Amino acid sequence: MPIWNKEAECASSLARQTVQLHRLQNMVERVYSRVPFYREKLERVGVNPDSITGLKDISRLPFTTKDELRQTYPYGLLACDPADLVEIHTSSGTTGTPVVGAYTEADIDMWSDVMARTLSMAGCEKGDTVQNGYGYGLFTGGLGVHYGARRIGANIIPVSSGNTRRQLMLMRDFGTTHLTCTPSYSLFLAESAREEGIDFRELALRAGCFGAEPWSESMRAEIESKLDISAHDIYGLTELIGPGVASECDQKNGQHFNEDYFYPEIINPATGEVLPDGEKGELVITSLQREGTPLLRYRTRDITFLMREPCACGRTTARIHRLLGRTDDMMIIRGVNCFPSQIENVLMRIEGTQPHYQIVIDRGATHLDEIEVQVEVEEAIFSDLTSGMERLRKRIHDELKSELGISAHIKLVEPRSIARSEGKAQRIIDKRSI
Ligand code: DLL
């Protein structure tokens with residue numbers, strides 16, 4: 001298997017730490033001198049650029065949270081001259097205030113490098129054809145993969161997400177060797193292929209890079225057998241760059257973290273204490289090289305642990321275990337991040353509904369996420385003629401669609417029919433067996 005950037009990916013720990021320290025010092029200097037938000041935060045904890053004399057000093061830096069990113073929207077964390085920006089992405093979350101990633105030319109160059117590493121881990125080389133089923137646009141999946149494939153010199157089919165029949169046609173006619181999309185969509189493609197009479201064993205497809213949503217080893221096994229490919233887990237988030245933060249090699253034993261650009265730590269989410277390798281906790285990431293929107297100790301809310309045992313592929317970077325969950329209750333439905341609170345807000349502004357609801361997420365026969373929102377309605381409405389119920393159901397459906405960007409099934413239920421809890425209400429029932 002090709003290793004895209006041997007110097008960075010196979011560096012000795014001394015060489016890597018030297019690069020990391022140098023970049024960390026530059027980064028602290030950069031945000032201290034250019035971002036008032038960070039200068040104030042650093043001053044509050046008595047840290048200035050000269051305080052960073054070793055990598056261990058990273059623990060003296062304050063955390064950055066998603067709320068702070070929202071509060072500083074749109075350009076409060078910009079660490080470069082706005083005239084140097086060449087691209088903007090925002091999170092798929094639809095909470096009103098998106099999280100912004102701003103890129104300079106150098107940032108896109110770095111992104112291309114880490115995505116070339118990612119695709120190479122799945123065996124992609126010049127001469128291969130990458131069918132990119134991640135959405136193009138503000139979402140980072142589409143363009144991230146695109147830049148990586150361009151860097152490698154592979155042939156890229158920028159089909160974007162959806163349009164299943166066309167995906168299958170392109171895959172067959174252009175001899176796609178690598179597929180990139182969400183893991184659930186790859187299974188949907190497999191189902192549709194069967195209906196179209198397409199046999200994956202007769203296609204040129206060899207591997208896929210799947211991420212942007214949680215999945216599991218059993219789902220990997222299903223994808224690998226149904227699509228007859230090698231399936232690789234890839235991780236990233238808009239705040240840090242998009243995909244390209246960490247990805248799996250052919251050993252499939254954790255995702256190699258691009259530590260020369262992103263410094264990983266695992267913390268206890270309740271206390272902020274840094275945990276040793278191998279212990280489960282919240283992943284915190286510091287940008288080591290980013291001009292547009294660098295972040296210090298960003299709390300991802302993703303739960304995993306770090307592994308540093310040598311990997312048979314020859315890369316020496318630390319790996320993160322497949323993600324184990326999130327510290328918050330963010331749901332990822334068909335790749336769209338949404339929170340129960342958004343659903344609640346919509347319900348609460350619609351007259352006739354009660355503040356008792358439950359969200360059921362499942363993957364049906366199609367392998368795509370389905371969301372059902374069960375809402376208790378007022379007695380008077382429930383006993384009303386069905387047309388009143390239907391109007392209310394449609395209104396909730398439409399308002400949720402405009403708020404979340406996804407279509408939910410709405411089920412209106414009788415007053416007091418949803419189970420009450422003495423402690424925290426269980427709002428979400430996630431039946432997806434992933
Ligand atoms: O999902 C970036 C991406 C695009 C990653 C394409 C991989 C492939 P966001 O929309 O900002 O960015 O969502 C980031 O998605 O904090 C995780 O909770 C979740 N996530 C991303 N990759 C994985 C993965 C993109 N491999 C959030 N496994 C992250 C589980 C993942 N969850």
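Counting starts at 1 for both ligands and their atoms, following the listed order. Basis for what follows: all heavy atoms, side chains included, without hydrogens, waters or symmetry-related copies. Remember, it's a predicted structure, so these values are computed and weren't measured experimentally.
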>> Which of the numbered atoms in ligand 1 are under 4.0 angstrom from any heavy atom belonging to Arg326?
In response: 16 (O), 18 (O)

>> Judged on heavy-atom distance to atom 2 (C) of ligand 1, which of Gly335, Gly101, Gly236 sits nearest?
In response: Gly236

>> Treating Glu282 as the side-chain partner and Ile267 as the backbone partner, does any N or O pair qualify as donor plus acceptor under 3.5 Å?
In response: no

> Which atoms of ligand 1 have any heavy atom of Gly141 under 4.0 Å away?
Replying inline: 4 (C), 6 (C)

> Can you find an N or O of Ala212 that's nearer than 3.5 Å to an N or O of ligand 1?
Replying inline: yes

> Side chain, backbone, both or neither: which part of Ser91 has a heavy atom under 4.0 Å from ligand 1?
Replying inline: neither

> With atoms numbered from 1 as shown, which atoms in ligand 1 lie under 4.0 angstrom from a non-hydrogen atom of Asp233?
Replying inline: 24 (C), 26 (N)

> Counting distance only, does the side-chain N/O of Glu213 pair as donor-acceptor with the main-chain N or O of Ser184 below 3.5 Å?
Replying inline: yes

>> Checking contacts here: is it the side chain or the backbone of Val99 that comes within 4.0 Å of ligand 1, counting heavy atoms only? Could be both or neither.
In response: neither

>> Test your reading of the model: is there a side-chain donor-acceptor pair from Arg290 to the backbone of Leu295, 3.5 Å cut-off?
In response: no

> Heavy atom under 4.0 Å from ligand 1: found in Thr238's side chain, backbone, both, or neither?
Replying inline: both

> Any idea which part of Ile332 is under 4.0 Å from ligand 1, heavy-atom wise: side chain, backbone, both or neither?
Replying inline: side chain

> Is a donor on one side and an acceptor on the other found under 3.5 Å between the side chain of His89 and the backbone of Glu239?
Replying inline: no

> Within a strict 4.5 Å, meaning less than it, do heavy atoms of the Leu24 and Tyr263 side chains meet?
Replying inline: no

>> Applying ring-ring contact (aromatic ring centres under 6.0 Å, His included) as the test, list every pair that has at least one member in residues 284-322; sequence neighbours left out.
In response: Phe305-His321

> Considering distance alone, does some N or O of Glu213 sit under 3.5 Å from an N or O of ligand 1?
Replying inline: yes

>> For ligand 1, which is the ligand I care about here, please tell me if Tyr134 has any N or O atom under 3.5 Å from one of the ligand's N or O atoms.
In response: no

>> Please list all pairs meeting salt bridge (charged side-chain N to carboxylate O under 4.0 Å, His left out) that have one or both residues in residues 220-232, counting only residues at least two apart or in different chains.
In response: Glu191-Lys226, Glu217-Arg220, Arg220-Glu248, Glu222-Lys226, Glu224-Lys252

> Heavy atom under 4.0 Å from ligand 1: found in Arg301's side chain, backbone, both, or neither?
Replying inline: neither

>> What I want to know is whether Ile234 and ligand 1 share at least one N or O pair that is separated by under 3.5 angstrom.
In response: yes

> Any side-chain heavy-atom pair from Phe257 and Ile285 closer than 4.5 angstrom?
Replying inline: yes

>> Side chain, backbone, both or neither: which applies to Thr140 and ligand 1 if a contact is any heavy-atom pair less than 4.0 Å apart?
In response: side chain

>> I'd like to check which ligand 1 atoms, numbered from 1 as shown, lie under 4.0 Å from a non-hydrogen atom of Asn337.
In response: 10 (O), 13 (O)

>> Distance check, rounded to the nearest 0.5 Å: Ile198 atom CD1 versus Met169 atom CE?
In response: 10.0 Å

> Are Tyr73 and Pro98 side-chain neighbours, meaning at least one heavy-atom pair lies under 4.5 Å?
Replying inline: yes

>> Please work out, at 4.0 Å between heavy atoms, whether the side chain, the backbone, both, or neither of Asp302 comes within that distance of ligand 1.
In response: side chain

